[in-house]
Amino acid sequence: MRMRKVGLLIILVLWVVALSLAACSSAAPENTESVRATIRISALKGPTGMGLVKLMSDQDANKTNNDYQFNLTGSPDDIVAQISSGQADIAALPTNLAAVLYQKTNQSIRMLAVNTLGVLYILEKGDQVHSLADLSGRELMASGQGAVPEYVLNDLLSQSNLAKPPQITYKAEHEELATLAAAGKADLVMLPEPFVTSVLSKNPDMRIALDLTSEWKKIHQDSSDSELAMGCLVVTSAFAQNQSAAVNSFLTEYKASTDYVNAQPAAAGVLIAQYKIMADATLAAKAIPNCHIVLMQGTAMKNVLQPFYEILFAANAKSVGGKLPDDAFYLIS
């Protein structure tokens, strides 16, 4: 009898162990939500990518909710190739290029947020230009022909009722024009940041004559297109649908990153140089306030972009992909 009782006791113990293992096994799936999502991010070097640097630093320190893989480039064509071929999930790029990609990829990307407002400035050697009207009859060198800078400048000039339009000469690259201005070979130029700060550091005779973001707001102050939205974040439609929680988590972490960059430009400048977005940390810190780095989402994003796209479309339909983006373009949660 005693052996029988021992046998029954062993069977009971084994049964309890089996139940415990089964319970652990059934509970295991509950932990799958804590697994970090992998998000591949492509960004242009410059203002559209500067807001990412704290997030990049946190990723290197393993402090992020997601696992971020960053790819920084100086060429918009690289961004187009990466997002079009599925090599990137999220991209930071010019707003008009986002609209072009929406049409080019058969609407397979969505607008996630505006991340950069106006970055265009008129620099002058001298002290004669204090308003758009002062550009009348002047010779102005600019960069960004066939892109947002040209369309923004044309819109501002057309609505300023100048006695005589300025004579505009375009250079192919921002860097080429910045080099001329820094060397004193151009007296009046339109450039974006961070080239503005670079020129001012090399040529003390140059000054910021006009902030075109401010001029845009003055002209469009009574309409919904008063913000000059030049940089944005897009996400592939598939990733937005399949990884919505990861996308929301990214936006939260990106917001913290942009807040850090704007609040601590000196520290952010060090990171910008570290990640080779700009070569000089001090210049990067000086450029940050002029880069208007933001995070504008949802309805606010749409309300800013729609009228801006209409202006670009009226100037050149190809600048936004041949037609205006429809409502499905905007990811509004």
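Below, all heavy atoms of this structure are taken into account, side chains as well, without hydrogens, waters or symmetry copies. Positions are given from 1, in the same order as the sequence printed here.
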Whether N262 side chain and I293 backbone form a donor-acceptor pair below 3.5 Å: yes
Nearest-0.5 Å distance, OG1 of residue T282 to NZ of residue K286: 7.0 Å
From OG1 (T213) to NZ (K218), nearest 0.5 Å: 11.5 Å
Spacing of L156 atom CG and L162 atom CG [to the nearest 0.5 Å]: 10.0 Å
Minimum heavy-atom distance L177-S143, with the two atoms named: CD2-N, 3.7 Å
Check: Y151 side chain, G146 main-chain N or O, donor-acceptor pair, under 3.5 Å: yes
Heavy-atom closest contact (Q103 atom, P325 atom, distance): NE2-CA, 4.1 Å
E175 atom CD: more than 12 heavy-atom contacts under 6.0 Å: no
Any F308 side-chain heavy atom under 4.5 Å of V152 side chain: yes
Pair H220-I311, side-chain contact (heavy atoms from CB on, under 4.5 Å): steps then yes or no: CA-CA 11 Å; H220 297 282; I311 291 173; 3.8 Å; yes
OG-CD1 distance between S214 and I219, expressed to the nearest 0.5 angstrom: 11.5 Å
Straight-line distance of T197 OG1 to E193 CD, nearest 0.5 Å: 3.0 Å
Minimum heavy-atom distance A285-P265, with the two atoms named: CB-O, 3.3 Å
Any donor-acceptor pair under 3.5 Å from D134 side chain to S131 backbone: yes
NZ/K45: more than 12 non-hydrogen atoms of other groups inside 6.0 Å: yes
Side-chain donor/acceptor of S136 to backbone N/O of A133, under 3.5 Å: no
Those residues that, when tested against T252, pass side chain to side chain contact (heavy atoms under 4.5 Å, CB included) (two or more places apart): none
Side-chain touch E227/V294, heavy atoms, less than 4.5 angstrom: no
Heavy-atom donor-acceptor pair, Y309 side chain to T95 backbone, under 3.5 Å: yes
Crowding at CD, E173 (>12 non-hydrogen neighbours, <6.0 Å): no
Heavy-atom pair of closest approach, residues I288 and A268: CD1-CB, 3.8 Å
Single-linkage hydrophobic cluster, 4.5 Å side-chain cutoff, L191 and L132 together: no
Step-by-step side-chain contact (heavy atoms from CB on, under 4.5 Å) determination, T116 to C232: CA-CA 6 Å; T116 315; C232 66; over 6 Å; no
Closest non-hydrogen atom pair, V129 against L188: CG2-CD1, 4.0 Å
Pair D67, Q59: side-chain N/O donor-acceptor within cut-off below 3.5 Å: yes
Within-4.5 Å side-chain heavy-atom neighbours: D327 and Q306: yes
Within 6.0 Å of NZ in K302, more than 12 heavy atoms from elsewhere: yes
Whether N203 side chain and A181 backbone form a donor-acceptor pair below 3.5 Å: yes
Any side-chain heavy-atom pair of M230 and L120 under 4.5 Å: yes
T236 side chain near R40 side chain, heavy-atom distance below 4.5 Å: no
Validation row: Q107, S237 side chains within 4.5 angstrom (heavy atoms): no
R36/T64 under side-chain contact (heavy atoms from CB on, under 4.5 Å): CA gap, chis, key distance, verdict: CA-CA 9 Å; R36 294 175 12 138; T64 56; 3.4 Å; yes
Validation row: I79, L44 side chains within 4.5 angstrom (heavy atoms): yes
K54 atom NZ, over 12 foreign heavy atoms within 6.0 Å: yes
Which atom of A81 lies closest to which atom of S85, heavy atoms considered: O-OG, 2.7 Å
Test of ring centre spacing under 6.0 Å for Y254 and F250: yes
ILVMFWY network linking L55 to Y275, side-chain heavy atoms under 4.5 angstrom: yes
Connected via hydrophobic side-chain network under 4.5 Å: L210 and I208: no
Donor-acceptor contact below 3.5 Å, side chain N66 vs main chain Y68: no
ILVMFWY network linking V189 to V199, side-chain heavy atoms under 4.5 angstrom: yes
Cluster check M190, L312: I/L/V/M/F/W/Y, side chain < 4.5 angstrom: yes
Enclosure of E176 CD (heavy-atom neighbours >12, cutoff 6.0 Å): yes
Check: Q159/D155 side-chain N/O donor and acceptor closer than 3.5 Å: yes
Any K104 side-chain heavy atom under 4.5 Å of V80 side chain: yes
Side chain to side chain contact (heavy atoms under 4.5 Å, CB included) involving T105 - partner list, sequence neighbours excluded: S84, L101, S108, I109
Audit row: L117, L228, side-chain contact (heavy atoms from CB on, under 4.5 Å) steps and yes/no: CA-CA 5 Å; L117 299 180; L228 182 53; 5.6 Å; no
Test item: T169 side-chain N/O and M141 main-chain N/O as donor-acceptor pair under 3.5 Å: no
Value rounded to 0.5 Å, distance of CD in E215 from CG in L153: 11.5 Å
Main-chain N/O of T48 paired to N115 side chain as donor or acceptor, under 3.5 Å: yes
Q274 atom CD, neighbour heavy-atom count above 12 within 6.0 Å: yes
